[in-house]
Every structure is written in C-alpha cells, then in structure tokens.
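Encoded as structure tokens, the structure appears first; notes follow it.
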Amino acid sequence: MARTTETGPAAVDEAVRAVRVSSRRRQILDAAVRVMERTGFHQMSMQALADEAQVSVGLIYKYFGGKEDVLLGTIVGILDAFQDMLEPAMAGAGDDPVERFAAGFRRYVEIVDENLDAVVLTYRESRTLTPAGRARIKELEISTAAPLRGALADAIRAGAVADVDVDLVTFDAMMLAHAWALKRWHFSPRWTLGEYCAAQLRLLLGGLIVPEHAPRYTHLLG
C-alpha cells in the first residue's frame, strides 16, 4: 500500500485553498464586469459589487485593495486568458508558421467572444488606472502578442510572407480581434464568429503572403 508522506495532506490542503481563493476572486471579478457594464467604474460601489457577487464587502477587501484593484484584476484576467490559450491553439496547427498565425488569430477572436463585456470594459475604463497599473497592462499586452509575433517572424524568415513590420502587423491583428467585441453590433448580424475570422484573415494574409506561396494557402485566402 502506498504510504502518505507527512507533507502530502498539507500539500492537498494548500491546493484546495488555492482553488478556493481563485474561485472567489473569479466570482468577484465576474460580478465587477456586470456592475461596471451597468454603472461604469466610477459609479460602482463596493456594496453594489458585494451584492452582485453575493459576498460581503469584507470578503472583497480580503482579495482586493479597492475598486481600482478590482478593475486591474479584471483586465489582467482577460490578458492572462489570451496568454494561456493562444500557444496551445497555435501548437495544434503544426509547424507551418502561417497556419500557426491563423490559428492564433482565430483563438484570439474566440477568447474575445467569450469575454465580450470584459473586453469592452477594458477599452472603456483602463484610462482610470494608475500609471503603474497602465504600465503593467502594457507589459502584459506585449507578452500576450508574443506568440503571434513569433509566428509572423517565422513566416517572414521562411519566405512565405513579405518582409513587413512585425510589430505593426501583430498589433493590427490584435485590434481586428478586439473589433469583434467593439463593433459586434455591426458585424454579428452579417457574419458568424467563424465567418468574421475568415474574412479578417483574408484581409490580413492577402497582403502578406508572397505570391508564389499563395497556392499553399488558398483555404485561408479564399
């Protein structure tokens, strides 16, 4: 019979506590998105947030220092989702850098779709953060863009894509992904999520892929 080490139960307890803390923080942040969507950041009270999250105000202060900390946590949570989910989706597309870029863009738009209110909130309220908070968001956005940037740079080195400004194209792609949340009222009656991704990829890649490589990517260029 396998023996339980002395550190085993303690490690399990610590893991349970970590899950509980993560779940509570997520519960509060999800509630904050709903409240700020209705009232805006400045009008949100901690009591209104507590009521929405069905917790006490004291519990909120256990996890967050105040309203701005809640807002920062909401934005960081979205950026963490991009960071955690992009690379697995791109890895599943294989070794071709253009296919990896396309898979990353699609997954990016899907994550935007899964967090529509939070993405809009990020654009609307991020200016209220402190300089330190805005600096942290900028750093996270750069690191979030790294997988797409890397795939594009690889495609250029492979000769499949023209020698373009990698940062410019990468952030253009991210803005097009965010547009699904910001202009969804216009696009969603016309296109499904998949159709939107396909249309934007045609726009992006049509001006990037070198003509002699285009036959390899007819499924992307349409």
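This chain uses plain numbering: 1 for the first residue, then up along the sequence.
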Evaluation steps, side chain to side chain contact (heavy atoms under 4.5 Å, CB included), between V112 and F82
CA-CA 9 Å; V112 167; F82 289 129; 3.7 Å; yes
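- Residues A102 and L220 share a closest heavy-atom pair of CB-CD2, 4.0 Å.
- Test L79, I78, D84 against T144 for side chain to side chain contact (heavy atoms under 4.5 Å, CB included) and you get one pass: L79.
- No continuous path of hydrophobic side-chain contacts links L203 to L205 [ILVMFWY only; heavy atoms under 4.5 Å].
- Side-chain contact between R124 and L121 is present, with heavy atoms from C-beta onward closer than 4.5 Å.
- A salt bridge between R136 and E139 is absent, with no side-chain N of the basic residue lying under 4.0 Å from a carboxylate O of the acidic one.
- Atom CG of L72 is separated from atom NZ of K67 by 14.5 Å, given to the nearest 0.5 angstrom.
- T128 has its side chain within reach of E125: a pair of non-hydrogen atoms, C-beta onward, lies under 4.5 Å apart.
- Using a 4.5 Å cut-off between side-chain heavy atoms of Ile, Leu, Val, Met, Phe, Trp and Tyr, with links allowed through other members, V210 and V166 fall into different hydrophobic clusters.
- With a 4.5 Å cut-off on side-chain heavy atoms, I137 and S126 do not count as touching.
- Counting heavy-atom neighbours within 6.0 Å of D95 CG, excluding the residue itself, gives a total of 12 or less.
- Here the closest non-hydrogen pair linking A32 and T74 is CB-OG1, 4.3 Å.
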So D80 and Q83, side chain to side chain contact (heavy atoms under 4.5 Å, CB included) or not? Walk me through it.
CA-CA 5 Å; D80 282 345; Q83 203 160 31; 4.0 Å; yes
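- Side-chain contact between V109 and D113: absent, with no pair of heavy atoms (C-beta onward) separated by less than 4.5 Å.
- In this structure the side chain of M85 never reaches within 4.5 angstrom of the side chain of Y108, judged on heavy atoms.
- Annotation: the span from S143 atom OG to K138 atom NZ amounts to 14.5 Å, rounded to 0.5 Å.
- A heavy-atom distance below 4.5 Å is found between the side chains of W180 and L116.
- The side-chain heavy atoms of F64 and L29, taken from C-beta on, include a pair separated by under 4.5 Å.
- Under the 3.5 Å distance criterion, the side-chain polar atoms of E52 are left unmatched by any main-chain donor or acceptor of V35.
- Looking at R100, its side chain never comes within 3.5 Å of a backbone N or O of A91 through a donor-acceptor pair.
- Here the closest non-hydrogen pair linking S56 and A50 is C-CB, 3.9 Å.
- Between atom CE of residue M36 and atom CG of residue L49 there is a gap of 7.5 Å, rounded to the nearest 0.5 Å.
- In Q54, the CD atom is not crowded: 12 or fewer heavy atoms of neighbouring residues, nucleotides or ligands sit closer than 6.0 Å.
- The existence of a salt bridge linking D30 and R34 is excluded, since no basic side-chain nitrogen approaches an acidic carboxylate oxygen closer than 4.0 Å.
- Between L208 and V98 there is no side-chain heavy-atom pair separated by less than 4.5 Å.
- Side-chain heavy atoms closer than 4.5 Å link hydrophobic residues (I, L, V, M, F, W, Y) into clusters, and following such links, possibly through other members, connects I156 to L221.
- The residues R107 and E87 are annotated as not salt-bridged, no charged nitrogen and carboxylate oxygen being separated by less than 4.0 angstrom.
- Side-chain contact check for Y217 and D96: at least one donor-acceptor pair (N or O, by modelled atom type) lies under 3.5 Å.
- Nearest heavy atom pair, residue Y196 against residue L176, reads OH-O, 2.6 Å.
- The two residues V119 and A181 come nearest to each other via the heavy atoms CG1-CB, 3.8 Å.
- Distance check: L148 CG to F101 CZ gives 5.5 Å after rounding to the nearest 0.5 Å.
- The structure places CD of Q200 at 6.5 Å from CH2 of W191, a figure rounded to the nearest 0.5 Å.
- Under the 4.5 Å side-chain contact rule for hydrophobic residues, Y123 and V76 share a cluster.
- Atom CG in L71 sits 9.0 Å away from atom NE2 in H42 (nearest 0.5 Å).
- Listed here is the closest heavy atom pair of M174 and A145: SD-CB, 3.3 Å.
- With hydrophobic clusters built from ILVMFWY side chains whose heavy atoms lie under 4.5 angstrom apart, M175 shares a cluster with L201.
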